[in-house]
There are 2 protein chains.
Amino acid sequence: MGRPPSAKPTSFDIAYLAGVSQPTVSRALRGSKSVSAATRANIERIARELNYTVDKNASSLRSQRTHTLALLFFEDPTPDQSMINPFFLSMLGSITRQCALRGYDLLISFQQMHNDWHVAYQDSHRSDGIILLGYGDYQTYRAKLEHLVEMDTKFVRWGSVSDDSIGLTVGSDNIGAGVQAGEHLVAIGRKAIAFLGDASDHAPEFQDRYTGLCRAMAAAALTADPALQQDAVSSEESGYAAAQALLASAKPFDAIFAASDLIAIGAMRALTEAGLRLPHDVAIIGFDDIPAASLTSPTLTTVMQDLKGAGELLVDALLARIGDAPVERSVLPTRLIKRQSTAV
Amino acid sequence: MGRPPSAKPTSFDIAYLAGVSQPTVSRALRGSKSVSAATRANIERIARELNYTVDKNASSLRSQRTHTLALLFFEDPTPDQSMINPFFLSMLGSITRQCALRGYDLLISFQQMHNDWHVAYQDSHRSDGIILLGYGDYQTYRAKLEHLVEMDTKFVRWGSVSDDSIGLTVGSDNIGAGVQAGEHLVAIGRKAIAFLGDASDHAPEFQDRYTGLCRAMAAAALTADPALQQDAVSSEESGYAAAQALLASAKPFDAIFAASDLIAIGAMRALTEAGLRLPHDVAIIGFDDIPAASLTSPTLTTVMQDLKGAGELLVDALLARIGDAPVERSVLPTRLIKRQSTAV
DNA sequence: ATAATATGCGTATACGTATACCCTATGGTG
DNA sequence: CACCATAGGGTATACGTATACGCATATTAT
C-alpha cells in the first residue's frame, strides 16, 4: 500500500507511516467524518512530527479552490512614485488581517484602471475572488465590471453603495457622512459652505458626500450654491488648485467641506497663503482621518471611516459571494472627528 | 490526438484546434526553441482567441515553481488597530511594482514576530521566496532566521546590513545617514546632540544611525554624551515619552536626532509643550520622510530612504537568491531633506 | 553515399491532492 | 436468521501542466 518516506513529506509518506491509504490521510486532515477518531489522531500526530504541510498547488488544482483572494488596488493616474492614498493603505491592514482570520491568503496587485486587469485574474486560477479598491472611475470603465459579472467572476468593490451599482459593493455611508459634516458646520454658524471634490458621476463617493452636505444645508434652510463646488481629485495639489479656483471666483464662503483629507490639506495651504485665518475666516472639514490630519495647523476636523469594519465586511461579503450565500448590501457608519479646524 | 474544446480552455483545447499535441502547446507558450515559428504563431493566435490562460496551480505543481513571492510584514507589537508604519507601507508599493515587473505575484501577510511564520510558509509551496519587512527584533528571534537558513528557504530581509547578519539582507546606509544628520546639525552650530531611539542590539538599524551620529560628532571634536540617548520604538507616543525623559534628565541639549519621523513628531510635541522653540532652542531631524513630515510645524528635516531602490533591490536580490545566482550584499544611499526644523 | 547531428514534435508520465465509487465488516431491524 | 443501513477506509482516477525520451525527417559532414 505504500512507499517509504522521502525528502519533502507528502500525504503518501504519512499514509505509509500510519498504515493507511493516502486518501484516508487527506480525509483525516480535512476533517471528513468518515474516518475514525483514533485514525485521525494518529495521522495528525504523524503529520505534526514530519512538519507536513498540504501542498497548496496540488490541493488547489484538484479541488479547484485556491483559498486565496486577490486585492486589486487602483492607483490614481499619477504615473510617478508610490504616493498612495494613505486611507487605502490603512484599509489594507484590515483586509489582510481578516483574510488571515478566515484562512485565506491575500494576493496583492497595483493596477491602472485602463489596463486589462479584468481578464488577467479571470481564470488563471490564482484566486477564488477579487477585491477592488481605489477611487476608481468605474463609470468610464463600467464595461470592465460588466465583463466580470458576465464571466461570473466573484468580486466585491469598495465604493459608493447604490442600487444601480454593478456587482457587489461595500462602502461607507457617504451621504450620511456628508450630512454629519454639514450639520456640524451649520451648528457652528456657517452659512456659505463650499465643497471641494469631483461631484460628477465619475466619483460617486464624492458625489454622495456632496449630496449629504446639500441635504444638511437644506434642512437648515440654506441653499448650497453650485458655484461653491470645485472639482478635485484626492491629492494635495488638486486640493490646493481647487481652493485657489474658489478664491479666484470671488464668491464669499465661510466653510469648506473637502472630499478627502489630502484635498483639505492642500486647500488649507492655499487659504493660509491667501492670508485667511483658520478656522476663524474659514472652517474646514476633511474626510478619511489620515494620520496627517492631526498634524496640520490647525488640526483638521474630519470624517473617520470604519477601517476595521470595512476590511471585515469586504472579505466576508466576498467569501459569501464565493460560497453562493446570500449577501445583503450593507453600508458602514462614519464618525465625525472634531478638531481645531472647526473649533470656533 | 485530441478531444474537442470544452468549457474553460486548457492546453488540450488549443492543441486540438492547432492540430498538435498538448506538450507542443506548452512548449510553444513557454518559448521553447524546439518548436517552429509557424507552429508557435498559430498556437499563440488560438490561445489569444480562446482567452486562454495557463492554470497557475497545475503549472506550479508540475514545475515546482510558483512565480510568487511572499511578503511577511512584522508589526510592532501594538495589538490595537492598523496603525502601520507609513514608511513600510510606502515600500510596499515599490515592492509590488517590482514584482509585477519581474512577472511575479505577491502574497502578503501580517505577522507577529513571535508566531510560527518561519514554518508556515516553509513548504506549502505557496511562494518561491520570502521578503521579511519590519523593524523586527531579529536578535531575540534569531533562531527563526537560523531555521530558515537551515531549511534553505530563500529569503531576503530589510534591515541593518552588517557582516554577521544572518541570511541575505538589504538596507539603507544607516551609518552614513547618521553621519549626514550629524554633520548637518554640527554645521548649524549645535554641540549637544541627543539621540532618540533604541541603541541596543535589538534594533540594529537605530543603532547604526546612532553610530553615524557619534562618528560625525567625533569628526567635529565633539563627544556624544550617552546620557543624551533615550530609548524609543518607532511610534509617536514613544517619541513623546523619550523626549519627556530627556527633559526630565535636566541635561542641556540643543539638537535631537530621532531614529524615525514618528519619534520625532512625538518629541516635537513634548518639546513644544515644554515651551521650547523649534528650531531656535532645539533643532530636530527625523528619519524616513513620511508624508506627515512636511506637515508638522515647523516642517521636519529628515532623512529620506530610497524607497523605489529598496523595493527593486529586495525583489531582485531575492530572485537572484532563488535562481542560485551570486548576490552581492548592497546598501542604499540616503538623502537629507532640509526643512524648517533645522533652519537657523 | 553513408553516418552523424539537428530540428520538430508526439508519447508517456509525474507533480500531490481530493473525491467518486466500491467493498467489508459490523450492528440493528423485522 | 435473512436484511439492510452505516461506519471506515481502500481503489481508481482526475485536476492541467511540464518535461524526459524517443522517433521521424531534414541537414550537414565525411
Side-chain angles (χ1 to χ4, degrees), chain A residues 1-44 47 50-68 122-126 128, chain B residues 1-44 47 50-68 122-126 128:
Chain A
M1 182 168 59
R3 54 194 196 201
S6 57
K8 310 225 159 175
T10 73
S11 52
F12 281 99
D13 299 330
I14 301 187
Y16 179 81
L17 292 175
V20 298
S21 70
Q22 177 270 328
T24 298
V25 173
S26 176
R27 281 188 284 249
L29 295 179
R30 317 224 71 235
S32 158
K33 60 182 286 283
S34 75
V35 61
S36 76
T39 307
R40 178 194 315 277
N42 190 32
I43 287 174
E44 282 171 348
L50 292 193
N51 245 317
Y52 169 79
T53 157
V54 173
D55 185 299
K56 198 117 196 310
N57 299 123
S59 173
S60 299
L61 174 59
R62 175 63 231 242
S63 67
Q64 301 291 47
R65 314 204 60 244
T66 62
H67 269 260
T68 299
Q122 187 165 298
D123 263 303
S124 46
H125 286 286
R126 291 158 140 84
D128 296 337
Chain B
M1 184 167 59
R3 55 195 194 202
S6 58
K8 309 223 161 178
T10 73
S11 52
F12 282 99
D13 299 329
I14 299 186
Y16 178 82
L17 292 175
V20 298
S21 71
Q22 177 269 329
T24 298
V25 172
S26 176
R27 281 187 284 249
L29 295 179
R30 316 224 71 237
S32 159
K33 60 182 287 282
S34 75
V35 61
S36 76
T39 308
R40 178 192 316 278
N42 190 33
I43 287 175
E44 281 171 347
L50 292 193
N51 245 318
Y52 169 80
T53 157
V54 173
D55 186 300
K56 197 115 197 311
N57 299 122
S59 172
S60 298
L61 174 59
R62 176 61 234 245
S63 66
Q64 301 290 50
R65 315 204 60 244
T66 63
H67 270 260
T68 298
Q122 188 165 299
D123 263 304
S124 46
H125 286 286
R126 289 160 144 81
D128 295 337

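On a predicted model such as this, the values are computed, not experimentally measured, just so you know. Numbers restart at 1 for each chain; the letters A, B, ... are given by sequence-line order, proteins then strands.
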Could you tell me the separation between the [atom1] atom of [X] and the [atom2] atom of [Y], rounded to the nearest 0.5 Å?
X: B:Ser21; Y: B:Tyr16; atom1: OG; atom2: OH; answer: 15.0 Å
X: A:Leu50; Y: A:Ser11; atom1: CG; atom2: OG; answer: 11.5 Å
X: B:Thr53; Y: B:Leu29; atom1: OG1; atom2: CG; answer: 10.0 Å
X: A:Gln64; Y: B:Asn57; atom1: CD; atom2: CG; answer: 7.5 Å
X: B:Arg65; Y: B:His125; atom1: CZ; atom2: NE2; answer: 12.5 Å
X: A:Thr24; Y: A:Ile14; atom1: OG1; atom2: CD1; answer: 12.0 Å

Starting from [atom2] on [N], measure out to [atom1] on [X] and report it in whole angstrom.
X: A:Gln22; N: D:dT11; atom1: CD; atom2: P; answer: 12 Å
X: B:Asp13; N: D:dC15; atom1: CG; atom2: P; answer: 11 Å
X: A:Phe12; N: C:dT17; atom1: CZ; atom2: P; answer: 8 Å
X: A:Lys56; N: C:dA18; atom1: NZ; atom2: C1'; answer: 15 Å
X: A:Ile43; N: D:dG10; atom1: CD1; atom2: C1'; answer: 13 Å
X: A:Leu29; N: C:dT17; atom1: CG; atom2: P; answer: 9 Å
X: A:Leu61; N: D:dT17; atom1: CG; atom2: P; answer: 9 Å
X: B:Arg65; N: D:dT17; atom1: CZ; atom2: P; answer: 19 Å

Exercise. For the helix from C:dA1-D:dT30 to C:dG30-D:dC1, how many degrees between its two end axes (five pairs per end), to the nearest 10°?
Worked result: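 Taking five pairs per end, the axes differ by 40°.
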
What are the atom names and distances for every N/O pair under 3.5 Å that joins the protein to nucleotides 7-9 of chain D?
unit_1: D:dG9; atom_1: OP1; unit_2: A:Thr39; atom_2: OG1; d: 2.8
unit_1: D:dG9; atom_1: OP2; unit_2: A:Ser36; atom_2: N; d: 3.0

Exercise. Taking all non-hydrogen atoms of both residues, which atom of A:Leu61 and which atom of B:Ala58 are closest, and how far apart?
Worked result: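 Result for this residue pair: CD1-CB, 3.8 Å.
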
Exercise. Between B:Gly31 and B:Arg40, what is the shortest heavy-atom contact and its length?
Worked result: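 Looking at all heavy atoms of both residues, the closest pair is CA-NH1, 3.5 Å.
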
Side chain of [X] (C-beta onward), nearest among [options]:
X: B:Pro23; options: C:dC15, C:dT17, C:dA12; value: C:dA12
X: A:Ser11; options: C:dT17, C:dC15, D:dC15; value: C:dT17
X: A:Arg62; options: C:dT19, D:dT17, D:dT19; value: C:dT19
X: B:Tyr52; options: D:dT17, C:dT17, C:dA18; value: D:dT17

Exercise. Reckon B:Ser26 touches a base, only the sugar-phosphate, or nothing at all at heavy-atom distances under 4.0 Å?
Worked result: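 B:Ser26: base contact, heavy atoms under 4.0 Å.
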
Exercise. Going by atom types alone, do A:Lys56 and A:Thr68 pair a side-chain donor with an acceptor below 3.5 Å?
Worked result: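 Yes - a donor-acceptor pair under 3.5 Å links their side chains.
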
Exercise. Closer than 4.0 Å, any side-chain N/O of B:Gln64 to the OP1 or OP2 of C:dG16?
Worked result: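 Yes, because at least one side-chain N or O of B:Gln64 sits under 4.0 Å from OP1 or OP2 of C:dG16.
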
For this session: Taking the side chain as every heavy atom from C-beta outward, state whether B:Tyr52 and B:Val25 have any pair of such atoms under 4.5 Å apart.
Result: no

At a cut-off of 3.5 Å, list every protein nitrogen or oxygen paired with a nitrogen or oxygen from nucleotides 23-27 of chain C, distance to 0.1 Å.
none

Problem set entry | Main-chain N/O of A:Thr66 paired with A:Arg126 side-chain donor or acceptor, under 3.5 Å |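 Pair absent, no side-chain N/O of A:Arg126 close to backbone of A:Thr66.
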
